[in-house]
> 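This is the structure I want to talk about, given as structure tokens.
Quick note: residue numbers are just sequence positions, from 1.
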Amino acid sequence: MIKLRVLPLLQPQRLFAALMIYNRGKSSTTTTTGQSMNLPRRSTFESKPIQNNQVRNYTSSTTSTSNNNSNRVFKDNYLDDSFWNFSSQGPAFAVDPANIEFIREPDDFYNHLIEGVKRATKRITFASLYLGTGKQEKQLVSEMIAACERNPELKIHILLDGLRGTRESPGETPASAKVSSATMLQPLYDQFPERVTISLYHTPDLNGLLKKMLPPRVNETIGVNHLKTYVFDNDLMMSGANLSKDYFTNRQDRYVWIYRTESIATFFDRVVATVGTISYHLGSKGAVQLASGSLDPVAQSADFKLLAEKRLAALIQPNTFYLPNNSKQSLSSPFDAPTKSTWIFPTIQMGPFNIRHDEVLTSYIFENVPADSKFYITSPYFNLTKNYLNLILSGKPQLDIITCSPEANGFFGAKGLSSAVPDCYAIIERRFLERVVDSGNEERIKVDEYIRSKWTYHAKGLWITAQQQSLPSVTLIGSPNFGSRSVEKDLEAQMIILTQDKSLQQKMEDERTYLWQDTQVADMELFKQRKISLWVKVLVYLFGNYL
């Protein structure tokens, strides 16, 4: 009963991911290895299991010494093996590396959104947890209305989480009506109902007694749409950022633009469209109804999950290869693509529907980074799943991790029990460092904390250098953290970028070093200086696994 009383109050949005009041379904994994790891080896029923014996020993030579490289996409052994293992789980997209750019600042993120809307003539597709209700968000909606007026063929699809997107907050004045993401978008829909779709995803795990008992905000802990993808015609922006003031001003995230690449933009457009087919839709006068052909996620939860799995799994076709501007027909072989292509592997993770694509590839990455590579991870809410933790501790490469300091946590300075959130994560971070020392990894694994005056931190992903190189050849960017909520409860998506293009590698390195410039070393001496109350320690002891 203590858990039931305390849990909803402490951190409604994120803190105790599943509440564990309601924990239907276990991880759908298939292969058990050492150290209590239960790693998934396949993404869907259409993919083949990734086996350890598919990976070569990288300790000797970094590149192929064979004169016959006709069956290789990358000269580097690690990158080539990664390419084939990634493509065995889902589609791969050839991209001109000159069309990939990384954005650094939140205001640049906002400006790119505005400019993207202004340029679009055919399609605008957004997926986010929610849309804020401030001036910048109003301007974004106004620009969409103006874009529809200028372009009679333009269609707009916005996917938000139904729980978060309809949660109301006070208006600008005490006398004003309450506002939400849905009310913000109502004028856009009302003016162009034939060309605008507002989808509101509802998790099937919130049903029955929980649906009746849990109030707004608390109910979001059961599961949400957490996708962050933004499409403007044939341009795509992938990020971990939501559409609200903090993410436009002083909340550091990651953002990558892929320009003039129809195939990858269309893939994420289809992901959003597919989730839209199983979501509620906003109608006139605030009405919300199920999409045509869908099932009720509340009243028909089990059948809904089967339907969602069938539709979403169809997007992840293994061993399919696409040129930058042809999404309609896949290649029979990656060797039909330009030889100097960079490759992008989109990943999706939707635990409620047994879609474990991202988890499979992330596990593969954690398990197989060569010893003489450099490995970097960023996660604002650093609380690894047991599998990811064991893979990291049993790895060999030099690993640097960046997470947020308590002062850069989004809940720093909050009132009430939410004020405990930064200290909860600080305790978990300290426990990780203790595991690092106990496992003999203190010389190999380093943790830094982001700390910047009046800024918070929300960047997620990783970078890997190929063997004996100084610049990253691999980066992973998108919405997931590496914790149990991302794996089991929410809808997530990101992308793996694999390249040997020197210019793009330098861009990847510049982005990484930019994030690291506002950091402090996190070690046991730092934690000795932090005073954390006993009640916070008790809370982490009781609920730390559910953060």
Side-chain angles (χ1 to χ4, degrees), residues 25 27-29 40-47 50 85-93 125-129 157 159-161 199 201 203-205 223-231 236-240 256 258 263-279 304-320 322 327 330 343-365 385 460-462 475-498:
S27 175
S28 178
T29 53
R41 294 295 181 188
R42 59 191 296 165
S43 297
T44 68
F45 289 118
E46 300 298 322
S47 59
I50 292 181
N85 279 293
F86 294 163
S87 62
S88 76
Q89 301 301 302
F93 295 82
T125 303
F126 284 5
S128 183
L129 176 63
H157 185 189
L159 168 67
L160 304 175
D161 181 69
S199 297
Y201 167 79
T203 176
D205 288 335
V224 296
N225 167 66
H226 204 242
L227 305 175
K228 317 291 173 59
T229 182
Y230 308 100
V231 175
L236 166 70
M237 180 157 56
M238 202 74 187
S239 181
V256 61
I258 296 95
S263 58
I264 190 71
T266 296
F267 176 84
F268 281 103
D269 179 77
R270 289 172 178 167
V271 170
V272 175
T274 303
V275 176
T277 68
I278 58 169
S279 298
F304 176 90
K305 289 184 178 184
L306 294 175
L307 174 67
E309 179 181 7
K310 180 179 179 180
R311 292 182 180 179
L312 289 159
L315 299 170
I316 313 170
Q317 294 300 315
N319 301 308
T320 52
Y322 292 89
S327 62
S330 62
W343 288 89
I344 291 180
F345 302 86
T347 71
I348 63 175
Q349 181 77 12
M350 301 181 178
F353 312 134
N354 198 31
I355 303 293
R356 318 198 74 85
H357 184 212
D358 181 78
E359 183 185 4
V360 169
L361 298 191
T362 301
S363 298
Y364 172 86
I365 290 172
T385 67
K460 301 174 282 289
L462 58 81
T475 191
L476 189 153
I477 180 171
S479 67
N481 284 288
F482 300 112
S484 61
R485 172 157 191 167
S486 288
V487 170
E488 300 296 342
K489 295 296 178 182
D490 296 341
L491 307 191
E492 306 278 12
Q494 57 187 336
M495 61 172 59
I496 303 168
I497 302 176
L498 205 62

> Would you check, one step at a time, whether the test side chain to side chain contact (heavy atoms under 4.5 Å, CB included) holds for N354 with K305?
CA-CA 9 Å; N354 198 31; K305 289 184 178 184; over 6 Å; no

> Side chains of H357 and T44: is there a donor and an acceptor less than 3.5 Å apart?
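Not at all, the side chains of H357 and T44 share no donor-acceptor pair under 3.5 Å.
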
> Could you tell me which non-hydrogen atom of P352 sits nearest to which non-hydrogen atom of P204, and how far apart they are?
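Taking every non-hydrogen atom into account, CB-CG, 4.5 Å.
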
> Rounded at 0.5 Å granularity, tell me how far CG in D490 sits from CZ in R485.
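Interatomic distance, D490 CG to R485 CZ, rounded to 0.5 Å: 4.0 Å.
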
> Let me know which of S327, P91, S330 forms a side chain to side chain contact (heavy atoms under 4.5 Å, CB included) with S263.
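Result for side chain to side chain contact (heavy atoms under 4.5 Å, CB included) with S263: S327.
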
> Which class fits the ring pair Y322 and F93: parallel under 30°, tilted 30 to 60°, perpendicular over 60°?
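Plane angle under 30°, so parallel.
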
> So F86 and I365, do their side chains get closer than 4.5 Å, heavy atoms only?
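Yes - at least one pair of side-chain heavy atoms lies under 4.5 Å apart.
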
> For the residue pair S47 and S88, what are the closest heavy atoms and their distance?
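Scanning both residues completely, I find the closest heavy atoms to be CB-O, 3.6 Å.
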
> Kindly indicate whether the side chain of M238, heavy atoms from C-beta on, has any atom under 4.5 Å from the side chain of K228.
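Side-chain contact under 4.5 Å: no.
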
> So E488 and R356, do their side chains get closer than 4.5 Å, heavy atoms only?
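Yes - at least one pair of side-chain heavy atoms lies under 4.5 Å apart.
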
> Within the structure provided, determine whether S199 and H157 are in side-chain contact (heavy-atom separation under 4.5 Å).
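Heavy-atom side-chain distance check passes, below 4.5 Å.
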
> Which heavy-atom pair separates L227 from S479 by the least distance, and what is that distance?
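The answer is CA-OG, 4.2 Å.
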
> Provide the closest heavy-atom pair for V231 versus D269 in the form atom of the first, atom of the second, distance.
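Taking V231 first and D269 second, the nearest heavy atoms are CG2-N, 4.4 Å.
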
> Under the criterion side chain to side chain contact (heavy atoms under 4.5 Å, CB included), which of L476, I496, N85 is the partner of L361?
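The residue from L476, I496, N85 that satisfies side chain to side chain contact (heavy atoms under 4.5 Å, CB included) with L361 turns out to be I496.
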
> State, with a plain yes or no, whether a side-chain heavy atom of D358 is found less than 4.5 Å away from one of E492.
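A side-chain contact under 4.5 Å is absent here.
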
> For residues I344 and F267, determine if any side-chain heavy atom of one lies less than 4.5 Å from a side-chain heavy atom of the other.
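I344 vs F267: side chains apart.
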
> Is the backbone of S128 close enough, under 3.5 Å, to the side chain of N225 for a donor and an acceptor to pair up by distance?
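Present.
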
> Calculate, to the nearest 0.5 Å, the distance between atoms CZ and OG1 belonging to F126 and T229 respectively.
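Taking CZ in F126 and OG1 in T229, the distance rounds to 10.0 Å.
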
> If I compare all heavy atoms of E359 with all of S363, which pair ends up nearest, and what's the gap?
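Between these two residues, the closest heavy atoms are O-OG, 2.8 Å.
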
> Nearest 0.5 Å, please: how far is NE2 in H226 from OH in Y201?
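If we round to the nearest 0.5 Å, Y201:OH and H226:NE2 are 13.0 Å apart.
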
> Would you compute the distance between atom CD of Q349 and atom CD of Q494 and round it to the nearest 0.5 angstrom?
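The CD atom of Q494 is 9.5 Å from CD of Q349, to the nearest 0.5 Å.
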
> To the nearest 0.5 Å, what is the distance between OG1 (T274) and CG (L315)?
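Atom-to-atom, T274:OG1 and L315:CG are 4.0 Å apart.
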
> ring-ring contact (aromatic ring centres under 6.0 Å, His included) with F268: which residues, sequence neighbours excluded?
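Counting only residues at least two positions away or on another chain, F268 forms no ring-ring contact (aromatic ring centres under 6.0 Å, His included).
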
> To the nearest 0.5 angstrom, please state how far the CD1 atom of I316 sits from the CZ atom of F345.
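It comes to 14.5 Å.
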
> Using side chain to side chain contact (heavy atoms under 4.5 Å, CB included) as the criterion, point out the one residue from V256, T347, I348 that pairs with M495.
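Testing each of V256, T347, I348 against M495, the sole residue satisfying side chain to side chain contact (heavy atoms under 4.5 Å, CB included) is V256.
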
